[in-house]
Structures are given as structure tokens and as C-alpha cells.
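What follows is a short report on a single structure.
What's counted below: heavy atoms across the whole structure, side chains too, no hydrogens, waters or symmetry copies. Protein chains get the first letters and strands the later ones, always in sequence-line order, with residue 1 at the start of each.
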Amino acid sequence: MPWMFPTIWKNLFSRPVTRRYPFKDIREPFPGYRGKIYFDTNKCDLCGDCARVCPAEAIEVDSENKQIKYYPFRCIYCGTCVETCLQGAITQDEHYSPPNTEKIEELYKIEA
Amino acid sequence: MSTGWLIGSAVIAVIVAPLIGGLLRGIDRKLTAHMQGRIGPPIMQPFYDVIKLFGKERCVAGKAQLVFGYAYLTLIVTAVVFFALRQDLLVVLFILFLGCIFLAIGALSVKSPYSQLGGHRELLQFLAYEPILLLAVVPIALKLQSFRIATIFESGQPLLPHLWLSFIALLIVLAIVMRKSPFDISSSEHAHQELVRGLVTEYAGPYLALIEIAHWYEMVLLLSILGLFWVVGSLWWLSIIIALGSWFIILIVDNISARLTWSWMLRFTWVAGISLIGSNILFINLGWM
Amino acid sequence: MGILSTSRMKSPWLLHFDCGSCNGCDIEILAALTPLYDIERFGIVNMGNPKHADVLLVTGPANHRNYRVLRNLYQQMRDPKGVIVVGTCGCTGGVFHNCPNVLGGIDKVIPVDVYVPGCAARPEAIIDAVVLALGKLKAYGK
Amino acid sequence: MARTVIPFGPQHPVLPEPIQLKLELEDETVVGVMPIIGYIHRGIEKAAELNDFRQNVFICERICGICSFIHALTYCEGAEAMTSVEVPPRARFLRVFWSELSRTHSHLLWLGLLADSMGFESLFMQIWRAREMILDISEMTAGHRIIQSTCIIGGVRRDIDKEMAKEVDKRLLAFKEMLDSTIAPVLLRDPTIKRRAVGKGMLSKEQAELLGAVGPTSRGSGVAIDIRQTGYAAYKEVGFEPVVETAGDSYARTLVRAREVYQCVELMRKALSMMPEGEILVRVDGYPEGEAMSRTEQPRGELIYYFRGNGTNNLERLKIRTPTFANIPTLLVMLPGCEMADVPVITLSIDPCIACTER
């Protein structure tokens, strides 16, 4: 009982440690955080390696229509596709993918 | 004191008591959060909760439970009215006890095992604090030769210097009534408990809000009884400070201890409470206090 | 905005059900309650009782056994209510998409209001999601 | 006295995971207990046969989000044995680092939940506040708060450079200081915690051996078994002594975990300082063939993976035995005779991870 007292007494008179997300004290993620996945439509050569290695099957490469479908709500953000891509066409952001009221999918048209 | 004034104060008490109770709950949650290093909810949070609950869909496990819930609220309000009318302290306490019994019966009247166990525990909890609360009145009566609250106001002598042992016993009762650690066995403030707030498991929506409001009344009534220990003399405002001070001590104790079991609680409250009050009565009889 | 809908916005009580997740999102939900994120400052309390709760937080994919539990819990909750799915596997099945006992996303069992991606979702994302779900509670009865 | 049957779970705020304990109560005393499992079964073992064996790392990692790195490590050790890959030494030390990091965060999480189950909310908050420091280290070094995802077959995916190692060391020391100043004194001395945990859920050494208890559950009863003694990854080089308590009650198991947190911090610092220079990842050619077993020590106890491959991309069989599976039978000894109020404390004292058990 008494051993908890100093801690709570100290807490009572000091500023709370809470980060006031989403109003202020928004902390930038650490460098290298595995966040959102982006495709570079200029570099991609539609080889389909990313779709093959993806453990969650979140990427669909359609080489006939020259497009990539990416499902952020299937992706587990492991970053394997980023490591696998030989063209360096896939990049990973340091910010997490935001919640949404519906499961959107992202369509990338490949120009090359 | 004129009758009109008394009735006026009773009406005010019925209106103001839940506001004070809710506010105290809000400050309680804020302070608890700060002690844990958090920011905590806004101070008006309990009122938001209750208003929201009134807007929820109605759902009741059995009509009987509803009746017991209403009976609980009504009796607690009656106890507050009797207190404000400065009636017999014993009557106030017995009405309060009756209300609490109805709460337990309400929990026992539905089939859910959690509610049943919660009701059982509420009765045990009741068994633990009821004798203490009742006995704590005896030294007051011994001192003033009357159970009437009005007599305390008229006595011209603060009670605390003579009855501080009973006062400490009442602090234990306060902790139990506020459902704070280490005594939060039947329904804790937070639902992270093995019975998931067993007592009120089956009350939902507006009915839960009623129970919550009744609870605020109960807490304010208890704090007022604690305040009675210094209502007279030039330092009458000390009664408010005493009530709030004891409330704050309960908060601290809540944050530095784990929940204990009902068997321990029964032993502790009876041994500690009865010996405190018993020695208080003894000292008064010996003329030491 | 009436006082009732303000109160609804200010006091969403949570019910958390682990529907077959890996615990990753569950502990992030708990972490969101603890000092550094402290979602109680929005009036959010983890109630653990479907009758009291306003928002159901589900983690993990539904499977052939627990979808009944999930449906029961949803039906026991009183209106107005919202459902938030936390984590990729609850949204679509994610990495468990080809597991034999997995039905897929939670939306195959109960209607879902907000989806939170991420494996595991960060507490910040959970806060964002609760804010999104409040929109539904606010619009209730209008 | 009438008997009541309490359905404890599958949704219950004290046990975040869906396990159901049907508790038979006489008054408030538990006379019988029937664990009902299966609410969380996903069929990962079968899915692992359908996937490419390299992708399995990610699915094995998500068997349990709390000790995810150790699951991945166990899988990789087995897969490496089958494909005859020699892991570079630096990768082995990094693996020790991340294993201990997930152990620390798992133990802290558990200590917090224990405090919560006793109604000691402020201690829960303090422990989880300290745990955020560990999660920050995880985010900094591995790129995610809880699922590290750094272990793959052939090594690890991320390196910790000198600068980062220094920063990690600084944070670990700060964490240790917080433990020393606010958490350890309460756990070791608080009378209310002792009243709730001492003598509750007794498991004698003989019973622990008979029921095959593993991990802190058995070490709390005086059985000095810890798979880290076998020296997998780089534990041989780092050096390791198991933490043992002899009392065999819930409090002994609490103490084992609390002391292991300190040990983990030491192991992490040692692993970082002893880490040799060099490669962290080697190329994996070839496919899994034959049989292999790998054993590691999870925060909850011994974790065993059995593999059978047939020289193709897919494994023929993957069998996982998790520590909680071995520890659940001990509940049948510990629970009967206790009070209802002690059920959460005793159930938590084996640190049940249902997600692991049912996969």
C-alpha cells in the first residue's frame, strides 16, 4: 500500500504524460516505421513479384490492363514487397494507413 | 428553525445532491486519472454518461428488477429528504439500508449468474458496513442524548474532538459505499473485475442511469453524515472540508491498494469498525472524550 | 446539436471482443487506455458488458465457432451502437485469408461502421477510428 | 448449498481472449472448472502447408502478437535447419536482442494485467507506461510497435547500427530506472498484492513435473527448465541462468516474471555490446527437405515446432506446440477450492495465450 503512494503523489502534481493525440503533441513516427505502401507507376514493369511474395495477397497485378490493384485493408504492412521489388517501384511511408468507413482499394495505372 | 425553511432546504437538497454527487464523481475520475499520470475525462463526464444512458434503447431483464431499481432510487431520495428535514438519524439510516437491500434484491431477481453473484456480494458488503454505520450513531446519541440531527445542529459543540474514533470507522463505510479499492467487491467503478460490475449487469440504458443517480445521492448523503461531525461553532465550514477531505483520502487509498476479497473485508470492517466504535463508546462512558 | 447527441459524442462506452486475432490489436486497444494515449479523455471506458456499451471493438477474423458469440454480443447491445473492426485480419482476413477455419472479415457476420487497417493497428489509428464512429452515434435518430 | 455454473468468457474484460471457463461454484468457492477452447482457432498449421515456406514466417509471426518475434524465430530456426543455411553470427545476436525485447514487453503486459485483475488500476497504468518505453525501442529498431517482423529465413531484415545501439542502451537504462523506482517496490512489498497472490493457486514441484508445466509456471514451482539453456540463437555466447522461485503460488510466478524482466534487460544490453560485425542475411537456396524440430523459450514457456518437407515450395506438415497448451492442465489443479475472486489472478498466473494455443 504505502509503496505506491510516492508514485501517485508525484503524478498528481506533475503534468500527465499523455500525448494529446489528435489535438497536439503528435509524435512523428520513428524512421523506418512500416506504414503505407505506395507504387511508383513510372518504375513498375508489371513483373508481379510483389503479388507473389505478398503473404496476405493484398496486391493484384493485371499485366493485360496494365494496372495494379492494391488493397490497404488486406495488407499487413510487412514490407516484403518493398524488399522484393527489383525496380524499386514500391516505397513504404512512415505513416500508418488511416481508418475508413469502407474498405477502399487503390488502383494504379502503369504507364510504361 | 422554521418549518418552511426546512422544507425549502429539503427541496434544494433533492435537486442539488445529485449535481454535487455527479460533480464529485467527475472530479474523482479526473483526480484518479492524474494520479495515474493520465489526463482523464472532462469533469462533466458523469453527466454526459447519464444523459447518454437516458437516450439509449430501453431494455430490462424483468419487470421485478425495474421495480426494485425504482425502489432503490426512491428510498435513497427519501433518506436525503429526511436528512435535510433534520429528522432522526436512525430513520435516515434505516431508509438508506432498505434502499440498498432493494438494490441487492433487484440484482438477485434476475437469472444471470453474474447478477446473482453481484447481488450476493452486495448483501455481504451490506452486512459488512451496516453494523458499523448503525453503531457509529450510538456515540453521537450518547454524547447528545438524542438521535435527532436537529439536536446536533443545536448542540453548539463540534462532535469530532470527542468522536474521532467513530469518524475513522465511518471512513471505512464511505470507502465501501463509494465502491473503492480495497472494498470494491460487488461492483467496482471500472468493469475490469471478475464480475463485470455484477450488481448492475442486467440494468441497461435509462435504468442504469437511475441507479447511477441513486448512487450519487447515496454518496452525498454519506459525506453529509461525515460533515455532521463539525456543523456548529464559528468554524462550521470545516464540515465541508472534513467531508471533502475524507473523500480525498478514500481516493488515495483506492489508488494505492488492490481489491481484496469479501471474507477479508468482512473480518476487517467488523474488527476494525466495532473496536473503534466500541472504544469510543467506552471512552465516552469513562468521561475521557 | 442537442444535449443528448452531445452526450452521445462525449461518452462512447466500449465493448471489446477478441474474435480470433493474434492479440496484437487487443493489446494495442488496452494500450490506448493507458497513460500515454489515455482514450478516457474522450469519455471512453471499456465496459465489458454488451448491455452498457455503445461501441463494439472487434479484433481478428470471424471463424466458424465464434461468429455466433459475435452476433450474440452485437444483438445484446442497445441502440445506438457502432462497430469498429481493428486490424487487417478483421477487415478482410488479411494474412489469415487462406486459413481453413476463417470466415473472413467481420463484415460477413455483423454490419461494420469503421475499418482500421494495420497489423497491428496503432493506438493512434484506434483513436482516429473511434472519432469516425462517433459520427454514426451523432447521426442516430435524425 | 446450491451450485451455480458461471460462464467465465468467451467475452470477459479480465480475460481479453476468448476462452471460456465454466466455473462450478458452491457459494463463492470454485469446486470445478471446465476450460472450453476453440473460439480462436484459425487453422494456421493447415494454412502453413498451403503457403510458400518463406511466406510462412509472416503467418507464424501472427500466431501470437505478443511473442510474435519468438514464433518467427522458431520457424526460421527449423526452416534453416531443413535448408541447411548457416545464419551469420551478427544475425544471431540480433535475434537474441529482439527475442528478449518481446519477452520484456510480454512480461510487462502480463504484470499489468495481473495488477488489473486485482483491481490495482494505478499499478496497471504505471506498468503499461513503462511498457511504452520498450515499445518505443521496438518501433525504433524493428519498425513496428509489437509485431517486429524482422526475422526471416537466413537471418534478420534490419540491422542495428552503433548509433542506434547507443540510443537503445540509453533507453533501456531509463526503463530499468523506472522499474526500480516505481514498479518493483510495489510488486515486491505491497501487502494487498501479497494478500491476493501469496498461497493462491498452489502448484507443487511434483505436480508441475507431472502435468508437464513449462516456462514461468514451472519455474515458479522450482523446476529449473528454460530452453534458453540449450543455447539456440546466440544464447550460448551471451550466457544465461534460469530464474527460479520455489514457493509455487501465484506470487512466485509473479516474481519469476518480474525478475526475468531485469534479466531480459541485461541480456539485451549484453547482446548489443557483444554483437560482432558482419552480414545479417544470407541467401536461401533450396527447398525444405526431411524433418526438423526447433525449440525456443517463449515468455510463457517452451515452444516446439515440428517440420516435414518434401523438397518443394510448400511444407508437408508443420506442427506447433505452444506453452499455454502445456500449462492449461495446471489450472485444473490450481483452481478448484479457490474463491471466485481469485479466479482471474490464478488463471492469469499461467499467462494464458489462447491465440497461441488454438492457432
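A salt bridge does not link B/Glu57 with C/Lys81: none of the charged nitrogens is closer than 4.0 Å to a carboxylate oxygen. Using a 4.0 Å cut-off between a side-chain N of Lys or Arg and a carboxylate O of Asp or Glu, C/Lys10 and B/Asp49 do not qualify as a salt bridge.
Proximity to chain C is limited to the side chain of B/Leu208, based on heavy atoms less than 4.5 angstrom apart.
With rounding to the nearest 0.5 Å, the separation of CG in C/Asn49 from CD in B/Glu202 is 7.5 Å. The structure places CD of B/Gln45 at 7.5 Å from CD of C/Glu40, a figure rounded to the nearest 0.5 Å. Interatomic distance, OH of B/Tyr203 versus NE2 of C/His52, reported as 10.5 Å (0.5 Å rounding). Taking CG from C/Leu4 and CD1 from B/Ile51, the interatomic distance works out to 8.0 Å, rounded to the nearest 0.5 Å.
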Stepwise, does the side chain to side chain contact (heavy atoms under 4.5 Å, CB included) test hold for C/Arg41 with B/Arg38? CA-CA 8 Å; C/Arg41 68 205 147 99; B/Arg38 302 182 286 133; over 6 Å; no
Could you walk me through whether B/Gln36 and C/Asp38 satisfy the side chain to side chain contact (heavy atoms under 4.5 Å, CB included) test, starting with their C-alpha distance in whole Å, then the side-chain angles of each, then the deciding distance to 0.1 Å, before giving a yes or no? CA-CA 10 Å; B/Gln36 293 165 353; C/Asp38 185 32; over 6 Å; no
Set out, in order, the CA-CA distance, both residues' side-chain angles and the distance that settles side chain to side chain contact (heavy atoms under 4.5 Å, CB included) for B/Arg29 and C/Val45, then state yes or no. CA-CA 11 Å; B/Arg29 281 175 71 175; C/Val45 188; 3.3 Å; yes
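Ranking B/Ala204, B/Gly40, B/Gly37 against chain C, the residue ahead of the rest is B/Gly40, based on heavy-atom pairs under 4.5 Å.
Both cation-pi conditions hold for B/Lys52 and C/Trp13: the charged atom is under 6.0 angstrom from the six-membered ring centre and inside a 45 degree cone around its axis.
Nearest heavy atoms, B/Gly55 versus C/Pro80: O-CD, 4.2 Å.
Sorted by first then second residue, the ring pair (Phe, Tyr, Trp, His ring centres under 6.0 Å) pairs that include residues 25-65 of chain B, not counting sequence neighbours, are B/Phe47-B/Trp216.
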